[in-house]
Amino acid sequence: MRTRRGVCYRELDMCTDNRLVVKRRGDLSGDNCRKRQRLAPESVGKSDVFESLPDDLVISILSKLSSSAGCPSDFVNVLLTCKRFNGLGLHSLVLSKASSKSIALKAKNWSESAHRFLKLCADAGNIEACYTLGMIRFYCLQNRVSGASLMAKAAISSHAPALYSLAVIQFNGSVGSKNDKDLRAGVALCARAAFLGHIDALRELGHCLQDGYGVRQNVAEGRRFLVQANARELAAVLSSASSAVSSRSWLSWNPHQHHRHVTGSGCPLLSDFGCNVPAPEAHPASRFLADWFTARGGVPGPGLRLCSHAGCGRPEMRRHEFRRCSVCGIVNYCSRACQALDWKLRHKAACAPVERWLVDDGDANLDGPLAAGDAADDDDMVES
């Protein structure tokens, strides 16, 4: 067969085997031939092995992945693999098993799609997602009703961080004015979280018992809770994988250690006895809050302050909500647990007494004890 110019077409080389038929066809210039493979008629109708897997098995595998993922990208990259993974990966059973690390979103990556993903996880019954999204809505998005509702949903499922966060809200009256504080409810929530082993709740409950704050004073029982909190924190550090390769210099005992201020990246919970324990890792929700407000200049609003403990990230919801240090008046904390931890972490070396505290905007009210008949907006917090 010839073309209009009289050039003959090259003959087709047919090469047949059991399954494939390969056709080779060259262009008119004689360049390299292109190959194209087609399935033989007997192979048509046979599906891929992956497509033959039942959905229950794929969902089970994805659930295991979401519960063990080390970061959100580990889980999201799997969803982007194929259409089937994308569909089954958003199954309620998979999202309900997602770990705190797999939903640990960063503040700089926050978007509407991230919000929808956390909402899907929360609707699927994931208590970590309920707590994280509740904290974000309550403190960052200024949606107190929805945020408190999500944290309450997690607290009903015995989620210790959610119970403690609700206790802090009750202690500070964050949902309204100063008169909305409910100390007894805060102590009850804190006791429940402490029963579940939450270290900050143990420390908060110990200080409440020592000071008689919202509960009948019991110094000996409060001291026992404080010792238990330190022991649990030390056990958590010893059991962590990172501490296995770190040096054990913090275990050395120095009888004169309590005469000096200890500085460094560690958290000297037992610094009076020369034991310098590394600082505990903050919850992903707390890291999100800290990064969120740091990106906005560290000021949550006009006249509002952040908790001075670096691992907390909670902001004030109204002016003078947090208690200030009773010695220097410079730092402020959302709870006694944050104060005690930050005191031994860094503030012990920087705290210096001052004669008078003035509010940042120049008001004449003092944050410490006032004369009879006066009322202070801030509560003082004694360092110990």
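All residue numbers refer to positions in the sequence shown, counting from 1. Basis for what follows: all heavy atoms, side chains included, without hydrogens, waters or symmetry-related copies.
Annotation: Lys101, atom NZ; neighbour count of heavy atoms from other residues, nucleotides and ligands within 6.0 Å does not exceed 12. When the shell of 6.0 Å around CZ of Arg296 is examined, it contains more than 12 heavy atoms from other residues, nucleotides or ligands. Other residues, nucleotides and ligands place no more than 12 heavy atoms under 6.0 Å from the CZ atom of Arg223.
Of the possible polar contacts, none joining the Glu321 side chain to the Glu316 backbone as a donor-acceptor pair under 3.5 Å is found. Of the possible polar contacts, one joining the Ser66 side chain to the Val94 backbone as a donor-acceptor pair under 3.5 Å is found. The main-chain N or O of Ala337 is found under 3.5 Å from a side-chain atom of Glu204 such that the two form a donor-acceptor pair. Gln217 places no side-chain N or O within donor-acceptor distance of the main-chain N or O of Asp211, the cut-off being under 3.5 Å. Counting only distance, with no hydrogens or angles, the side chain of Asn172 and the backbone of Cys334 share a donor-acceptor pair below 3.5 Å. At distances below 3.5 Å, not a single donor-acceptor pair connects side-chain atoms of Arg314 with backbone N or O atoms of Ile169. Between the Ser165 side chain and the Pro161 main chain, a donor and an acceptor come within less than 3.5 Å of each other. Between the Asn77 side chain and the Ser73 main chain, a donor and an acceptor come within less than 3.5 Å of each other. No donor-acceptor pair under 3.5 Å is formed between the side chain of Ser100 and the backbone N or O of Glu128. Between the side chain of Arg336 and the backbone N or O of Cys208 there is no donor-acceptor pair closer than 3.5 Å.
The CG atom of Leu93 sits 8.0 Å away from atom OG of Ser60, with the distance rounded to the nearest 0.5 Å. In this structure, NZ in Lys348 is found 14.5 Å from CZ in Arg346, a value given to the nearest 0.5 Å. The structure places CG of Leu163 at 9.0 Å from NE2 of His198, a figure rounded to the nearest 0.5 Å. Separating the CG atom in Leu166 from the SG atom in Cys190 is a distance of 11.0 Å, to the nearest 0.5 Å.
Put simply, Trp343 and Val168 are part of two different groups of oily side chains (I, L, V, M, F, W, Y) that touch within less than 4.5 Å, one to the next. Under the 4.5 Å side-chain heavy-atom criterion for ILVMFWY residues, no single connected hydrophobic cluster contains both Phe195 and Ile199. Residues Val215 and Phe171 are members of one and the same hydrophobic cluster, defined by side-chain heavy-atom contacts under 4.5 angstrom among Ile, Leu, Val, Met, Phe, Trp and Tyr.
Contact of the Met317 side chain with the Tyr139 side chain is registered, since non-hydrogen atoms from C-beta on lie closer than 4.5 Å. Contact annotation: the side chain of Leu289 approaches that of Met135 to within less than 4.5 Å [non-hydrogen atoms, C-beta and beyond]. Within the 4.5 Å cutoff, no side-chain heavy atoms of Ser308 are placed close to those of His347. The shortest distance between side-chain heavy atoms of His115 and Leu133 falls below 4.5 Å. Side-chain contact between Ile136 and Leu118 is present, with heavy atoms from C-beta onward closer than 4.5 Å.
Heavy-atom minimum distance, Ala285 versus Tyr131: CB-CE2, 3.9 Å. For the residue pair Val187 and Gly214, the shortest heavy atom distance occurs at CG2-O, 3.7 Å. Closest of all the heavy-atom pairs between His207 and Ala340 is NE2-CB, 3.6 Å. Taking each heavy atom of Ala290 and Ala310 in turn, the nearest pair found is CB-O, 4.4 Å. Among all heavy-atom pairs drawn from Leu95 and Leu120, the shortest one is CD1-CB, 3.8 Å.
Of the N and O atoms on the side chains of Arg137 and Ser149, not one donor lies less than 3.5 Å from an acceptor on the other residue.
For Arg305 and Phe322, the positive end is not near the middle of the six-membered ring at less than 6.0 Å and at most 45° from its axis.
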